[in-house]
Amino acid sequence: MDLYKTDEEVELQRESCLLVSATITEVAKLLKPGITTLSLDEMAEAFIRDNNAIPSCKGYHGFPYSLCISVNEEVVHGFPGKRILKDGDIVTIDTVIYKNGFHGDHAYTFIIGETSKEILDLVRITKESLYIGIQKAVTGNRTGDIGYAIENYTAKQHGYGVVRDFVGHGVGREMHEDPQIPNYGFRGKGKKLVQNMVLAIEPMITMGSHKINILDDGWTVVSEDKSTAVHFEHNVCVKKGAPLILSDFTIIEIAEKQNINLNSSYY
Ligand code: MF3
Ligand code: CO
């Protein structure tokens, strides 16, 4: 399959990506201590379907929900459920939506209420590392340039764990397309990036070990040492000179700042 898209296809895909941003924004408005993660999933599924789109995760290789909700030591692919969110929880909302023949796939980590300076730093640096990686998504670079940039900032400069068993990826008519985008690597190595490739760039960073375990549900990925994990993801179109980010954190960030139950003091 071609790894690049036409400009028209990229514009269609942008709609899917923006609907993911809008969905995460709706979740951000509801996040507070006392709410169950299942109620967030139910709201999000209704919102997605009301927008004439399909929650791609639901039924994907048997995944039972529309959102992945990963709390504290959970890295990715957490199940929504009866769990009640509480002050101090670190909550990643990750979802994929199919519309117009294309998938959008992105993620954002929220802090409920008070947390430590160390965790505020972990969240900020993981988010910054996403943009540092994105800057490398330009024609002529290779996947290793993205991975190196993220690993260098998070692991080498700040001593965090870079999860290696899950990676970013191309995204388009399929949820997961080539090339893989590891959050580690070597400059100048890996697949060459070409104009109009759309990539899901998604650092998954822990306070401690990069090693992970998968829980008995067969899905939930946790840090092996139970240290807090953070995950931010954007969909990015490779361009010459400067990448084009298709997803949009600004609406999420407005909702985050307006929700008094969320802590955005890290940025
Ligand atoms: N964004 C996640 C990924 O790319 C979500 C996949 S949907 C799931 O792996 F069904 F696998 F959860
Ligand atoms: Co993804």
Side-chain angles (χ1 to χ4, degrees), residues 3 13-14 16-24 27 37-38 40-42 44-45 48-49 53-71 74-81 83 91-99 102-110 126-127 129-130 133-134 137 143 146-147 150 162-184 197-205 212-223 229-238 243 245-249 252:
L3 293 178
Q13 190 172 7
R14 191 205 289 262
S16 313
C17 301
L18 292 177
L19 188 54
V20 175
S21 311
T23 304
I24 296 176
V27 175
T37 53
L38 186 63
L40 300 171
D41 186 72
E42 288 168 351
E45 180 174 358
I48 293 164
R49 295 193 192 281
I54 293 168
S56 312
C57 294
K58 196 158 185 168
Y60 177 81
H61 292 285
F63 189 86
Y65 302 98
S66 300
L67 301 180
C68 300
I69 305 184
S70 306
V71 185
E74 297 172 357
V75 183
V76 287
H77 301 167
F79 279 12
R83 179 182 196 142
V91 184
T92 300
I93 308 294
D94 182 7
T95 192
V96 189
I97 291 176
Y98 186 74
K99 189 175 179 168
F102 291 91
H103 295 273
D105 170 11
H106 77 91
Y108 197 96
T109 297
F110 298 95
T126 303
K127 197 185 206 180
S129 81
L130 170 59
I134 287 172
T143 55
I146 299 173
I150 292 170
V162 175
V163 171
R164 304 175 77 90
D165 292 350
F166 291 84
V167 296
H169 50 91
V171 56
R173 292 194 184 276
E174 305 293 332
M175 186 194 295
H176 296 125
E177 297 182 350
D178 282 340
Q180 292 198 343
I181 314 287
N183 295 303
Y184 54 90
M197 266 183 174
V198 177
L199 307 175
I201 301 179
E202 48 176 322
M204 290 157 254
I205 307 297
I212 55 99
N213 285 319
I214 296 180
L215 299 186
D216 288 341
D217 63 22
W219 279 97
T220 309
V221 177
V222 297
S223 58
V230 175
H231 175 211
F232 284 95
E233 175 175 13
H234 262 311
N235 292 151
V236 180
C237 183
V238 174
I245 303 179
L246 300 178
S247 36
D248 181 13
F249 280 179
I252 301 171

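Order of appearance sets the numbers: ligands from 1, and atoms from 1 within every ligand. Owing to the predicted nature of the structure, the values given are computational and were not obtained by experimental measurement.
Here His176 fails the criterion, with no N, O or S atom under 2.8 Å of the Co ion (ligand 2). The Co ion (ligand 2) lies at 2.8 Å or more from every N, O or S atom belonging to Asp94.
Counting only heavy atoms of the protein, atom 4 (O) of ligand 1 lies nearest to His176 NE2, 2.8 Å. Among protein heavy atoms, atom 9 (O) of ligand 1 sits closest to His77 NE2, 2.9 Å. At the shortest separation from atom 2 (C) of ligand 1 among protein heavy atoms lies Asp94 OD2, 3.4 Å. Looking only at heavy atoms of the protein, atom 12 (F) of ligand 1 is closest to Cys68 SG, 3.1 Å. Summary of contacts: the protein heavy atom closest to atom 11 (F) of ligand 1 is Trp219 CZ3, 3.3 Å. The protein heavy atom nearest to atom 7 (S) of ligand 1 is Cys57 SG, 2.8 Å.
Residue His169 has at least one heavy-atom neighbour below 4.0 Å for each of these atoms of ligand 1: 4 (O).
Contact between Met175 and ligand 1 is present, with at least one heavy atom of the residue lying under 4.0 Å from the ligand. Residue contacts with ligand 1 leave out His61, since none of its heavy atoms falls under 4.0 Å from the ligand.
Nearest N, O or S atom of Asp105 to the Co ion (ligand 2): atom OD2. Atom OE2 is the N/O/S atom of Glu202 found closest to the Co ion (ligand 2). Looking at Glu233 and the Co ion (ligand 2) together, the shortest N, O or S contact belongs to OE2.
Distance NZ/Lys99 to OG/Ser56: 12.5 Å, rounded to 0.5 Å.
Under the 30°/60° scheme for interplanar angles, the aromatic rings of Phe79 and Trp219 are found to be tilted. Relative ring orientation between His106 and Phe249 is described as tilted, the plane-to-plane angle lying within the 30° to 60° band.
Among the atoms of Tyr60, none of the N or O lies under 3.5 angstrom from an N or O of ligand 1.
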